[in-house]
Amino acid sequence: MYTEKVMDHFQHPRNMGEIEGASGIGTVGNAKCGDIMRIYLDIDKEGIIQDVKFKTFGCGAAVATSSMATELVKGKNIQEAMKVTNQAVMEALDGLPPVKVHCSLLAEEAIHAALWDYAEKNGIQIEGLEKPKSDIHEGEEEEEEEY
Ligand code: FES
């Protein structure tokens with residue numbers, strides 16, 4: 001059900017941990033499954049992401065997508081990091097099963113939340129960046145489904 005790349009990133013996650021004194025930290029949860037992801041960014045004066053770490057309390061797909069997302073933003077500038085969407089992360093992992101697509105959304109949102117934190121701390125605005133949600137389902141219609 002999972003691709004080799006997903007299994008690889010799940011079993012050998014890259015960039016797991018935290019950064020002390022990070023330039024930006026973003027935390028996003030998914031109330032439906034209870035999973036939480038936190039991303040730490042270390043951004044230099046030129047706006048380049050020098051280091052990135054993550055902590056994910058969640059399912060295997062969430063661990064794999066956080067790991068891949070950190071690999072994709074490392075060494076990039078902010079505008080390039082903004083292009084690391086959940087779609088891009090999924091493609092880099094050679095796909096995710098449909099029921100696990102929402103897990104990759106956590107990675108995109110957590111990166112955006114960390115960039116937002118960085119922008120706020122530095123009094124800057126990042127083009128195209130919207131205020132992050134603390135939960136990926138925030139603002140959705142209440143659904144009756146049970147999970
Ligand atoms: Fe919750 Fe994957 S099941 S993030």
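- Remark: Trp116 CH2 to Gln125 CD distance equals 7.5 Å, nearest 0.5 Å.
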Only distances under 3.5 Å count here; give the side-chain donor-acceptor pairs of residues 96-105 to other protein atoms, sequence neighbours excluded, each with its distance to 0.1 Å.
from, atom 1, to, atom 2, distance (Å)
His102, ND1, Val99, O, 3.3
Ser104, OG, Asn86, ND2, 3.2
Ser104, OG, Val101, O, 2.6

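- The closest side-chain heavy-atom distance from Thr56 to Asp35 is not below 4.5 Å.
- Across every non-hydrogen atom of Gly47 and Tyr118, the tightest pair is CA-OH, 4.5 Å.
- No single ILVMFWY cluster, assembled from side-chain heavy atoms under 4.5 Å apart, contains both Leu41 and Ile48.
- Side-chain contact between Ile39 and Val52 is present, with heavy atoms from C-beta onward closer than 4.5 Å.
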| request: Start with the C-alpha distance between Lys133 and Asp135, add both sets of side-chain angles, then the distance that settles side chain to side chain contact (heavy atoms under 4.5 Å, CB included), and finish with yes or no. | output: CA-CA 5 Å; Lys133 304 167 181 175; Asp135 188 282; 5.7 Å; no

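- Residue Val63 comes nearest to Gly58 through the heavy atom pair CG2-O, 4.2 Å, listed as atom of the first residue, atom of the second, then distance.
- Under the 4.5 Å side-chain heavy-atom criterion for Ile, Leu, Val, Met, Phe, Trp and Tyr, Met82 and Leu72 are members of the same hydrophobic cluster.
- Note on Met37 and Ile136: same hydrophobic cluster, where clusters join Ile, Leu, Val, Met, Phe, Trp and Tyr whose side-chain heavy atoms are under 4.5 Å apart, directly or indirectly.
- A donor-acceptor pair is defined here as one N or O able to donate and one able to accept, closer than 3.5 Å; no such pair exists between the side chain of Asp51 and the backbone of Asp42.
- Thr3 places a side-chain N or O within donor-acceptor distance of the main-chain N or O of Leu93, the cut-off being under 3.5 Å.
- When the shell of 6.0 Å around OH of Tyr2 is examined, it contains more than 12 heavy atoms from other residues, nucleotides or ligands.
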| field | Evaluation steps, side chain to side chain contact (heavy atoms under 4.5 Å, CB included), between His137 and Asn30 | value | CA-CA 7 Å; His137 296 293; Asn30 179 345; 2.8 Å; yes

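- Linking ILVMFWY residues whenever their side-chain heavy atoms come closer than 4.5 Å, directly or via other members, leaves Val28 and Met16 in distinct clusters.
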| request: For the pair His9 and Arg14, evaluate side chain to side chain contact (heavy atoms under 4.5 Å, CB included) and give the outcome as yes or no after the intermediate values. | output: CA-CA 7 Å; His9 278 263; Arg14 327 295 201 262; 3.7 Å; yes

| request: Could you check Val89 against Val84 for side chain to side chain contact (heavy atoms under 4.5 Å, CB included), going step by step and ending with a plain yes or no? | output: CA-CA 7 Å; Val89 173; Val84 177; 3.8 Å; yes

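- Scanning both residues, Tyr40 and Glu18, for their nearest heavy atoms gives CZ-CB, 3.2 Å.
- Atom CD1 of Ile78 is separated from atom OG of Ser23 by 9.0 Å, given to the nearest 0.5 angstrom.
- With rounding to the nearest 0.5 Å, the separation of CG in Leu106 from CD1 in Ile111 is 11.0 Å.
- Taken to the nearest 0.5 Å, the CD atom of Gln50 stands 13.5 Å off from the NZ atom of Lys76.
- Closest non-hydrogen pair, Ala81 versus Leu115, comes out as CB-CD1, 4.4 Å.
- Of the possible donor and acceptor atoms, one in the side chain of Glu80 sits under 3.5 Å from a partner among the backbone N and O of Asn77.
- A distance of 10.0 Å separates CD in Glu71 from CZ in Phe54, rounded to the nearest 0.5 Å.
- Of the inter-residue distances, the one linking Lys53 atom NZ with Ile19 atom CD1 reads 6.0 Å to the nearest 0.5 angstrom.
- Using modelled atom types, one side-chain atom of Asp117 and one backbone atom of Ile25 make a donor-acceptor pair closer than 3.5 Å.
- Under 3.5 Å, the side chains of Asn15 and Thr70 contain a donor-acceptor pair of N or O atoms.
- Between the side chain of Thr65 and the main chain of Ala61, a donor-acceptor pair closer than 3.5 Å is present.
- One hydrophobic cluster, built from ILVMFWY side chains closer than 4.5 Å, cannot hold both Phe57 and Phe10; they sit in different ones.
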